[in-house]
Each structure stands twice: as structure tokens, then as C-alpha cells.
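Numbers here simply count residues along the sequence, with the first being 1. Ligands are counted one by one from 1 in listed order, and the atoms in each one are counted from 1 as well.
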Amino acid sequence: MSEDCLFCKIIAGEIPSTEVYRDDEVFAFEDINPAAPTHILVIPIKCLRDITAATEEDKNTLGKMLLIANQIAHERGLTKDGFRYVINTGRDGGQTVFHLHLHIIGGRSMSWPPG
Ligand code: AMP
């Protein structure tokens, strides 16, 4: 846990969130400012500042994040019409919280390329 990390505080329950999934490696919760009807963040319990900080020892966790995201996408009925996974990375990538997170965004049609 990193002391000044917003998402670490959410995992610890120090800041409230709407939990979607939790185990000893992965946590998922509703985004506070949803960009679509479904907007959920999937994060590792381990505080990695972004996806580029991941190493060989994190590969099982990264795989699990994607499988849990798939499970949530199924549960939320997103798989029929499609949806989007996003990992914003660094300043130019639009990352604002520096604890790795996978966005699950769905429930509406989306455009490409992103802004
Ligand atoms: P990013 O811009 O990729 O770093 O995404 C950060 C996301 O965290 C944004 O979609 C925010 O709406 C979301 N967020 C920030 N604070 C909270 C919070 N307290 N609870 C839930 N989601 C949050």
C-alpha cells in the first residue's frame, strides 16, 4: 500500500467506493464519474503506478485482471453489443490516478479514435 495513493485508500476502505469484485489480488469498483452507463475500474491490490511498472512477477495478476474484467463484462451484459477496455498511461495517455487501473466502459456506442 502506498500512503498517498487514492486507490490504495479505496482498497483499504478509508475512502468509500461501490465494490464490484474483490479477492486477494484484484479489486473492482464503480467509477465515480462514469463515462458510459457501465464504467467500472479493475485494479491490482499491489500498487503499480502504471502498466509499464509491471514486471514478470506481476504477470499472473495482470492476467487475472483481464479475466475478472471479462467476468464483469458478462455479468453486466456488455458482451453482446461490445464494450471497451482502456488503460490510460502517463500524462499523454490521460492518466490521472497513478495506481494501475483497467477501465471497463460499455452500454453505449463509442467512437474511434479517442480524443
Ligand atoms: P484515469 O484518468 O485513467 O487515471 O482514470 C481515473 C479514474 O478514476 C477516472 O475515471 C475517475 O472518475 C476515477 N475516480 C477518481 N476518484 C475516484 C473515486 N473516489 N472513486 C471511484 N472512481 C474514482
Tell me which one of His99, His103, His39, Gln95 gets a heavy atom nearest to atom 3 (O) of ligand 1.
His103
Mark up the atoms of ligand 1 that fall under 4.0 Å of a heavy atom belonging to Asn88, in ascending order.
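In order of number, 1 (P), 2 (O), 3 (O).
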Numbering as shown, the atoms of ligand 1 that approach Asn33 to under 4.0 Å (heavy-atom distance)
12 (O)
Is it the case that ligand 1 has an N or O less than 3.5 angstrom from some N or O of Val97?
yes
Using a plain distance cutoff, I'd like to know if Gly94 has any nitrogen or oxygen under 3.5 Å from a nitrogen or oxygen of ligand 1.
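Yes; at least one N/O pair falls below 3.5 Å.
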Side-chain contact, heavy-atom cut-off 4.5 Å: Arg49 with Leu100?
no
Taking side chain as C-beta onward, heavy atoms only, is Leu78 less than 4.5 Å from Ile104?
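Of all side-chain heavy-atom pairs linking Ile104 with Leu78, at least one is under 4.5 Å.
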Sidechain-backbone polar pair: Glu30 side chain, Thr38 backbone, donor-acceptor under 3.5 Å
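Not at all, since once roles are kept as given, no pair shorter than 3.5 Å links the two residues.
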Say whether Thr61 and Glu25, considering side chains only, have a donor N or O and an acceptor N or O under 3.5 Å apart.
yes
Centroid-to-centroid, Phe98 to Phe7, below 6.0 Å?
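Phe98 vs Phe7: aromatic centres not under 6.0 Å.
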Output field: ring centroids His101/His99 closer than 6.0 Å:
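No; His99 has its ring centre 6.0 Å or more from that of His101.
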Between Asp23 and Lys64, is there a salt bridge with N-O shorter than 4.0 Å?
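So Lys64 pairs with Asp23 through a salt bridge.
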Return the closest protein heavy atom for [atom] as residue, atom name and distance.
atom: atom 1 (P) of ligand 1; answer: His101 NE2, 3.1 Å
atom: atom 4 (O) of ligand 1; answer: Thr96 N, 2.7 Å
atom: atom 7 (C) of ligand 1; answer: Asp31 OD2, 3.5 Å
atom: atom 16 (N) of ligand 1; answer: Leu6 CD2, 3.4 Å
atom: atom 17 (C) of ligand 1; answer: Ile32 CG2, 3.5 Å

May I ask whether Ile10 places a heavy atom under 4.0 Å from ligand 1?
yes
Would you please determine whether Phe7 falls within less than 4.0 Å of ligand 1 on a heavy-atom basis?
yes
Checking heavy atoms under 4.0 Å, the part of Val86 that sits near ligand 1 is neither
If you measure from each non-hydrogen atom of Glu30 to ligand 1, which part falls under 4.0 Å: side chain, backbone, both or neither?
backbone
Picking from Ile87, Leu66, Val26, what satisfies side chain to side chain contact (heavy atoms under 4.5 Å, CB included) with Val42?
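With Val42 as partner, Ile87, Leu66, Val26 yield a single side chain to side chain contact (heavy atoms under 4.5 Å, CB included), made by Val26.
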Identify every side-chain donor-acceptor pair in residues 108-115 under 3.5 Å, counting partners at least two apart or on other chains, and give the distances.
unit_1	atom_1	unit_2	atom_2	d
Arg108	NE	Ala35	O	3.1
Arg108	NH2	Ala35	O	2.8

